[in-house]
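Below: the structure, in structure tokens.
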Amino acid sequence: MNVLKELENYINEFNKNNQIEFSIDTIRIDFKKQYKLSKLEELGVWKKIDKKDKRIMDKLKRRLVADEVTSAYQLENYNIYFYNSNKDKPKYRIATMVIFGLKQYHKEPVPHQIVSNIISILKNISNIDLCFDMKIKPNIERLSKYFDLQRYKLEDTYYINNTNILMLDKITIYNKAIKNNLEGILWRVEALISIPNIKYLALPLFEFKEIIDISKGTLEDDIK
DNA sequence: AAGCTTCTGCCTCCGAGACA
DNA sequence: TGTCTCGGAGGCAGAAGCTT
């Protein structure tokens, strides 16, 4: 069984036992390219991204230090990229795979089989964005009693950059209906969860659910 | 359960070739 | 020429599979 299946089972099991619906939106994998590149090439054509293409390069530089990125490639027209790094100079063997938009409504996501194939080759997952979508606006005021909440400009986007929860590196809350031009009300709460060891899954899903509960106003022992 | 072999992935060193 | 890219060989350690 590959590690993607194990991760999916782990999350699905949690969903079932806790009446919640967490979905993976983004998967990132730091990997060494040696002996893996040829297998990745069997999946399709990787197009080199023009470094002047700010739209894409900026997206990844938010995650990585700009000077560390030497080049980037995209698989066909999918939301799948890998970024080459020079962190291990002069070997140039480190790269980061990013598969995003796995949970969205305005566009077809990447076929699951392709994601599965990539994970089978790389045999690891470094971190994920786990998301929860809700049809009401999260209670921002209430959340800010528990966390240091930053608003992005004057937009419908908020961050918790420090959750004080192990492996729960960051929370992003945003108005998904507006971002993707969708009908109605739809907000997303997204957790960046790091996975130190894919073989021992112990992710802070209860903690994430607690944050959801606060934002919905359904936390039982809320005494404030 | 212990011993054995094979498999697999990892690392390091080497080196050629592309690109600007 | 310096930067970047990537494959091969050899060695090593842990995982996995098999037998007794």
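We use all heavy atoms of the structure for the numbers below, so side chains are in, but hydrogens, waters and symmetry mates are not. To find a chain, count down the sequence lines: A is the first, B the second, and so on, and within it residues start at 1.
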Send over the distance from [X] [atom1] to [N] [atom2], rounded to a whole Å.
| X | N | atom1 | atom2 | result |
| --- | --- | --- | --- | --- |
| I94(A) | dT3(C) | CD1 | C1' | 16 Å |
| I29(A) | dG9(B) | CD1 | P | 15 Å |
| K123(A) | dC10(B) | NZ | P | 8 Å |
| F31(A) | dT8(B) | CZ | C1' | 18 Å |
| L37(A) | dG8(C) | CG | C1' | 15 Å |
| K39(A) | dC6(C) | NZ | P | 16 Å |
| Y73(A) | dC4(C) | OH | P | 13 Å |
| I49(A) | dC4(C) | CD1 | P | 18 Å |

Is K36(A) touching bases, backbone alone, or none of the nucleic acid, heavy atoms closer than 4.0 Å?
->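 The answer is sugar-phosphate, as K36(A) gets under 4.0 Å only of primed atoms, P, OP1 or OP2.
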Hey, does K91(A) reach any base, or is it just sugar-phosphate, or nothing, if we go heavy atoms under 4.0 Å?
->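 Base contact.
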Let's see if you can work this out: which of [options] has an atom nearest to the side-chain heavy atoms of [X]?
| X | options | answer |
| --- | --- | --- |
| R93(A) | dC13(B), dG10(C), dC4(C) | dC13(B) |
| Y35(A) | dG8(C), dT5(C), dG9(B) | dG8(C) |
| N86(A) | dC6(C), dA9(C), dC4(C) | dC4(C) |
| Y92(A) | dC6(C), dC4(C), dG9(B) | dC4(C) |

Carboxylate-amine/guanidinium contact D156(A) K179(A), below 4.0 Å =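 Salt bridge between D156(A) and K179(A), a charged N being under 4.0 Å from a carboxylate O: no.
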Thinking salt bridges, do E42(A) and K39(A) make one under a 4.0 Å N-O criterion?
->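 Looking at K39(A) together with E42(A), the answer is no, because their closest N to O distance does not fall below 4.0 Å.
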Please tell me if [X] has a side-chain N or O lying less than 4.0 Å from either OP1 or OP2 of [N].
| X | N | value |
| --- | --- | --- |
| S38(A) | dG7(C) | no |
| S71(A) | dT5(C) | yes |
| K33(A) | dT5(C) | no |

Donor-acceptor pair between N175(A) and K137(A) side chains, under 3.5 angstrom =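 No pair is found: no donor N or O on one side chain lies under 3.5 Å from an acceptor on the other.
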Just checking, is any N or O donor in the side chain of N77(A) or K47(A) under 3.5 Å from an acceptor N or O on the other one?
->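 Yes - a donor-acceptor pair under 3.5 Å links their side chains.
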Residue whose nearest DNA chain B nucleotide is more 5′ - K32(A) or P90(A) |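 So the residue in question is K32(A).
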Run the side-chain contact (heavy atoms from CB on, under 4.5 Å) check on M134(A) and V189(A) step by step: do they pass?
-> CA-CA 8 Å; M134(A) 51 203 277; V189(A) 183; 4.1 Å; yes
Side chain of Q34(A), base of dT12(B): donor and acceptor closer than 3.5 Å?
->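 Side chain to base: pair found, below 3.5 Å.
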